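Here's the structure, in structure tokens; my notes come after.
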Number of protein chains: 2
Amino acid sequence: MVTKPPSEETDEPTEVERRNADVCNVVGSIEMIGSKWKLIVLNDLREGEKRFNELKRSTGASSYTLSRVLGDLEEAGFIENRKEFEAPVASYYTLSERGDALCPVFESLDAWGDDWL
Amino acid sequence: MVTKPPSEETDEPTEVERRNADVCNVVGSIEMIGSKWKLIVLNDLREGEKRFNELKRSTGASSYTLSRVLGDLEEAGFIENRKEFEAPVASYYTLSERGDALCPVFESLDAWGDDWL
DNA sequence: CGGCATCCTTGGAGATACTG
DNA sequence: CAGTATCTCCAAGGATGCCG
């Protein structure tokens with residue numbers, strides 16, 4: 001949104017410059033995943049494939065909420081769902097490639113927590 | 001200083017927080033800043049110092065919402081507030097050291113947006 | 001076990017008006 | 001300009017129950 005003057009083309013633009021550039025981009029991401037439960041579920045799935053009730057326990061979300069959040073995330077392409085219809089039905093959730101690409105975000109957050117929490 | 005009636009964030013850890021505290025502190029961070037407006041305001045302040053109405057315009061938040069979000073963020077130590085009482089009163093907001101340390105998170109988010117948005 | 005339907009409560013958040 | 005005070009509306013989300 002903010003246009004900034006051209007500059008040296010080193011690998012590393014100035015901080016201010018870079019910040020001005022990405023502010024808008026980030027808002028789009030926030031609109032998609034910037035809700036408490038979506039973040040928590042995505043973060044939780046970094047540990048690997050999990051089933052519904054497993055996620056329910058580890059995240060603390062109610063089944064109603066979890067169901068909707070998983071639906072939203074799947075629809076938006078952040079996670080994938082594999083179902084087993086046999087004997088005890090099971091539903092496994094994993095991060096999609098798109099969702100997995102968010103890991104650095106959570107890692108940054110984790111690093112921040114180490115220093116400031 | 002004190003967050004008023006509507007949304008009050010207690011310091012009491014939730015069940016979820018307690019359960020996952022030692023596993024990963026991401027959840028704690030999410031509890032603190034994982035709401036749409038907090039993320040948007042923090043992200044916006046990466047551009048540098050801004051005043052109230054400036055933030056109001058750039059984020060699109062109402063003054064009511066913005067006022068509360070800024071109060072919460074300041075109370076939690078993510079931002080700092082400098083006031084000028086002269087002629088036209090002015091109130092400037094900037095990221096604190098603690099808040100600035102979150103920049104890598106937004107940079108990761110931006111990088112993700114470049115690839116997947 | 002997974003997960004949708006229903007009810008119900010809470011708070012997130014806009015619009016508007018007012019004050020120092 | 002920088003907020004605060006209300007009033008109001010609606011979505012988020014917990015609890016419960018049911019069903020394949």
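Quick caveat, the model's predicted, so the values are computed rather than measured. Per chain, numbering begins at 1; letters A, B, ... match sequence-line order.
Atom NZ of A:K56 is separated from atom P of D:dG14 by 11 Å (rounded to the nearest Å). The distance between atom CG of B:N81 and atom P of D:dG3, rounded to the nearest whole Å, is 6 Å. A:K38 has its NZ atom 12 Å from the C1' atom of D:dA11, to the nearest Å. Regarding A:L66, its CG atom lies at a distance of 10 Å from the C1' atom of C:dG2, rounded to whole Å. What separates CG of B:N53 from P of D:dT4 is a distance of 13 Å, to the nearest Å. Atom CG in B:D72 sits about 14 Å away from atom P in D:dG3, given to the nearest Å. Atom CZ in A:F85 sits roughly 17 Å away from atom P in C:dC1 (whole-Å rounding). For the pair A:R68 CZ and C:dA5 C1', the interatomic distance rounds to 13 Å; values are reported in whole Å.
Proximity of A:Y93 to A:L70: side-chain heavy atoms (C-beta onward) are separated by under 4.5 Å at one or more points. In this structure, B:S91 and B:R82 have side chains that are not in contact, with every pair of non-hydrogen atoms separated by 4.5 Å or more.
Checking C:dG14, D:dG20, D:dT4 against every side-chain atom of B:S62, the shortest atom distance belongs to C:dG14. The side chain of A:V89 sits closest to C:dC1 out of C:dC1, D:dG14, C:dA13. With distances taken from any side-chain atom of A:S67 to the nucleotides C:dA13, D:dG3, C:dG3, the minimum falls on C:dG3. If you check C:dA15, C:dG3, D:dG3 against the side chain of A:S63, the one that comes closest is C:dG3.
Residue A:R51 is the one, among B:A61 and A:R51, whose nearest nucleotide of DNA chain C lies closer to the 5' end (criterion: closest heavy atom). Position along DNA chain D of the nearest nucleotide to B:Y92 versus A:T65 favours B:Y92 as the more 5'-ward residue.
For the residue pair A:D44 / A:S58, a side-chain donor-acceptor distance below 3.5 Å is found, with atom types taken as modelled.
For D:dA12, neither phosphate oxygen OP1 nor OP2 lies less than 4.0 angstrom from any side-chain nitrogen or oxygen of A:W37. Between A:Y93 and C:dG3 there is a side-chain N or O to OP1 or OP2 distance below 4.0 Å. At the phosphate of D:dG3, OP1 or OP2 sits under 4.0 Å from a side-chain N or O atom of B:K83.
What you find for B:L39 and A:G34 is that their closest heavy atoms are CD1-CA, 4.2 Å.
Cluster membership check: A:M32 shares its hydrophobic cluster with B:W116, using side-chain heavy-atom separations under 4.5 Å among Ile, Leu, Val, Met, Phe, Trp and Tyr.
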